[in-house]
Amino acid sequence: MQTDDFGKVDARTAMTFLRSMSEVGHQFINSLSDDQRRLWANVLAEAVNQQLPAVPVGQTAQDAAHQLEEDGIYNLGAGLPADQLEELRDYLLECPVYNTHVYESFNAAVRRSDHVPRTIGLGAEAFRFGAYAFPTLMMAPHLLDFLLQPRILDAATAFLGAAPTLYSVNIWWSFPGQYADIKYGQHFHRDWDHGKVCTAFMYLTDVDMETGPHTYLAGSNNFRRTKEVLDGNRWHMTAERLQTNDFCGPEPDEFYLEVWKDHVRHLTGPAGSSFMTDTFGFHRGEEPVRAPRLALWARFSLFGAPPLHEKIPRSRLGDAYPADERRRYALRGLVEPD
């Protein structure tokens, strides 16, 4: 398949998605039952495999997919070698950030910003968040080395059931302090933009319990596990209701912490630590209290629509643009072929 065909595949996949949604009688992903989500995810995977058969993956990737299905978390260990991590971080420290969680996103709820560029140490810390512009982060050294490494693509393939597409990449700071602006991402929530997603994270600073760890409620992505956890809860909450709840949840965070008290996972580690999660499970970023946190996410799904950013031209990536079809396909939601 030629690179120019990727857009056609994406269009066909999106149409299959829309048809499958109409067949089950729903307009929004967050109105689907567990069975319906699985049904159309399988339809999408079949459509992708008809256009670009998935690369066979080994037992390690299959084990990763099993962990993601059951618990929602898979530990990747070190995301990059120390020298590459340092080069990536040094580049970012010289680049401006914007006072929002995700900059230039098409999602109005998360793109709130005054659009003033600020650098670390020169005003950026006066706000809750500092996010990098999408072209800036996409041209960061060794970013694609992390995103497109075989073990991540293999795990995403095994979990999704077909060749994965990156549809969202973000690098952002979370700063300690008392802020009046919205705590976007710092309340428990699910990611709703695609029906089945796995997300790779990497910390670019050391993260402990005082520097804003990613917190995940293990098993909350799994309908069977969720029913077990909710049995007899004093809120009379049902798994069916949580399956189709609003973005940041129908109850305060105390509900999640009480009901999932035995399943709360605070993901800490030194700079370079990386992991994957099924972000349909409930998760949040803790507010740092001692030092800022710099983190990266990369979201994989079965198609690149709807996009979260304007795509960047392939030419801007230079020699970093991959030569093989599998990795180019993974980038189709982010990079526009010249």
Aromatic ring proximity [X]/[Y], centre distance under 6.0 Å:
X      : Y      : result
Tyr132 : Tyr91  : no
Phe201 : Trp297 : no
Phe188 : Tyr256 : yes

### Message
Cation-pi check for Tyr216 against Arg265: NZ or CZ below 6.0 Å from the six-membered ring centre and within 45 degrees of the axis, yes or no?
### Response
no

### Message
A cation-pi test, strictly: NZ or CZ of Lys196 under 6.0 Å from the centre of the six-membered ring of Phe280 and no more than 45 degrees from its axis. Yes or no?
### Response
no

Answer yes when [X] and [Y] have at least one side-chain N-carboxylate O distance shorter than 4.0 Å, and no when they do not.
X      : Y      : value
Glu70  : Arg224 : yes
Asp231 : Lys227 : no
Glu287 : Arg128 : yes
Asp278 : Arg190 : no
Arg118 : Glu125 : no
Arg327 : Asp324 : yes
Asp71  : Arg225 : yes

Could you tell me if the side chain of [Y] sits less than 4.5 Å from the side chain of [X], heavy atoms only?
X      : Y      : value
Thr226 : Asn221 : no
Val116 : Tyr98  : no
Thr211 : Pro292 : no

Do [X] and [Y] have a side chain donor and acceptor closer than 3.5 Å?
X      : Y      : value
Thr205 : Arg293 : no
Asn99  : Ser113 : yes
His189 : His283 : yes
Arg326 : Tyr329 : no
Trp172 : Tyr103 : no
Asp63  : Gln59  : yes
Thr199 : Thr279 : yes

For atom [atom1] of [X], decide whether the heavy atoms of other residues, nucleotides or ligands shown that lie under 6.0 angstrom number more than 12.
X      : atom1 : result
Gln62  : CD    : yes
Arg290 : CZ    : yes
His66  : NE2   : no

### Val229-Phe223 co-clustered via ILVMFWY side chain contacts under 4.5 Å
no

### Query
Taking all non-hydrogen atoms of both residues, which atom of Leu230 and which atom of Thr238 are closest, and how far apart?
CD1-C, 3.5 Å

Could you pull out every donor-acceptor pair under 3.5 Å between side chains of residues 133-144 and any protein atom, sequence neighbours left out?
residue : atom : partner : partner atom : Å
His142  : ND1  : Asp145  : OD2          : 2.8
His142  : NE2  : Glu87   : OE1          : 2.9

Check whether any side-chain N or O of [X] sits under 3.5 Å from a backbone N or O of [Y] as a donor-acceptor pair, and report yes or no.
X      : Y      : answer
Arg332 : Thr165 : no
Thr119 : Pro96  : no
Gln149 : Gly79  : yes

#### Entry: From CA spacing to verdict: side-chain contact (heavy atoms from CB on, under 4.5 Å), Leu76, Met276
CA-CA 7 Å; Leu76 289 166; Met276 297 180 76; 3.5 Å; yes

